[in-house]
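Residue indices begin at 1 and follow the sequence shown.
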Amino acid sequence: MALDDTQVFLPELWASHARFRAEKTALVCGADRLSWGELNRRCNRVANALLAADAGRSAKAAVLMNNSVDTVVVMLGIVKAGAGMVPISTMLTPAQVATMLADSGASVLFASDATRALAEAALGQLDGGLDDSGEDKGERLLVCAGEADDRWQSLTDWLQGMGEDEPPVRYDLGDDFNIIYSSGTTGTPKGIVQTHRARQHWSYSNALELRMDHECKALTTTSLYSNGTWFMLLPPLFVGGTVVIMESFSPEAFLDLVARERITHTFMVPTQYIGVLESPALESADLASLRYMLSAGSPLRQDTKDAILERLGAGLFELYGFTEGFATICRPEQQHKRGSVGTPVIGFDLRIVDDNGRELPANEAGEIVGYGGGLMKHYHRREAETEAAIWRDERGRTFLRSGDIGKLDEDGFLYILDRKKDMIISGGFNVFPKDIEEVLGAHPEVSDVTVIGVPDPKWGETPLALVIPVAGKQLDTAALLAWGNERLAKQQRVKAVELRDEFPRNALGKVIKRELREPYWDKP
């Protein structure tokens, strides 16, 4: 006879907070406020309804919903049922949504009123879901956080009569927690399968790194279907804090919420920081409660970082990572390491390897590979691509290839040079767009900049700068081109500067350079 091999499963931890912090505010979105007790009861009703529909352990439930309290309740309820949660971007086309529904094998689909038309269009391209063998599953359970119709059940009606007690589920660390689809910035999105073990590590490692406790009030500024948003969801829920959700982002609404809700922690992508820094409302904003800010999703230019530290506060973390489950973090006390994204998050390790898989010494550029407790289980239905993403160290441990180029300094700090697929080879030289972006981004009339490689008859390819000017400025592209090329090495010099109103981006603000390159490379 022996005791259970006990683990801190996240659904059970949320229930514990509800028991011992029942009246404490757990979740805020707009006018909706839920205590920990109410949040857990509502999640339990979702979980018990899924179990009654035979959509528990091993089932997959997709979530195509806007930011709201209902969305969080549904997401956590799916996990509490033991099912795998599949968050799907509301920014996708119907064909893309259909592909993800089929690939995941989701037997349940949750939507909002605002996303039901997108869901219907996607479903119109499918006869049903696919099971693990690739066979069609037939009709899905369709639930909408809105009014019912002939096809959709309303969330309110669907939950009628469902118990609020803890669902009768025993969790396993190897069970699927979620499938998150990659952003597709460099190709077709892949389903990234993460287990309870990986999400457990995500929760405690980031809570420790971001210095969260039960008194923290974390503000989410990005969409709940995005993996990066969960920096301000799972870690604060892990420690029993409070999560405040923005329904949609604007710099002015952000500044208002920080003051009104006394926000202590937040995560924003670089484009959001730029928007806040350029907002006239910043001059009179009350940021006294804001202790720590996180930037991730895409590289933070040094000039933007300097402005954040000067105008928003010293508590800035910059995180580099990939959804597959690896991250480094540059902490507030490490800002003297200019340009670095820090050292591995607790529980991770990293190497720099060359094209032949050989580990490289300090200050040599190569591909970043990572290892640790938060790694994905695999790419869903993509065994060959999973194997291709693996680099094995001398002990046979499976590190994940990032597809990014970086280097480690003599103190072990990581510097990101660029995406491997974004690197420009001009006249035989490796040119990293990020280096050029840093230079051009420092110009006072440049709000944002991205650099791509375009065809060149002499050099093979050459850098082209695409620039978003500061609002209200009439940027002279010829003058900027001359200004930048004076400050760049010969092989880095830009062929031309073109103005843009915006860039195509994923949910975390990362520029989709593939879309920007296509018109230039597809020309006859």
Does the ring center of His201 lie less than 6.0 Å from the ring center of Phe348?
yes

| Do we see a donor-acceptor contact under 3.5 Å between the side chains of Gln194 and Asn178? | yes

Quick one: does any side-chain atom of His17 pair with a main-chain N or O of Leu237 as donor and acceptor, under 3.5 Å? yes

*asked:* Parallel, tilted or perpendicular, judged at 30° and 60°: which one describes the rings of Phe322 and Phe326?
replied: tilted

Smallest heavy-atom separation, Tyr225 atom then Met91 atom, equals OH-SD, 3.1 Å

So, Asp172 and Gln7: side-chain donor and acceptor under 3.5 Å apart, yes or no?
no

Q) Short question: side chain of Thr266, backbone of Leu219 - any donor-acceptor pair under 3.5 Å? A) yes

Between Asn206 and Trp202, is there a donor-acceptor pair closer than 3.5 Å when you use the side chain of the first and the backbone of the second?
-> yes

- Query: So, does Thr328 use its side chain to make a donor-acceptor pair with the main chain of Gly342 at under 3.5 Å?
  - Reply: no

If only atom types and distance count, is the side chain of Arg211 paired as donor or acceptor with the main-chain N or O of Leu208 below 3.5 Å?
-> no

Do you see a donor-acceptor pair shorter than 3.5 Å between the side chains of Thr264 and Glu215?
no

**Prompt:** Between the main-chain N or O of Thr115 and the side-chain N or O of Ser112, is there a donor-acceptor pair closer than 3.5 Å?
**Reply:** no

- Between the side chain of Ser35 and the main-chain N/O of Glu38, is any donor-acceptor distance below 3.5 Å? yes

Heavy-atom donor-acceptor pair, Arg151 side chain to Leu142 backbone, under 3.5 Å: no

Next item on the list: Please check if the side chain of Asp393 supplies one atom and the backbone of Phe399 the other of a donor-acceptor pair under 3.5 Å.
Entry: no

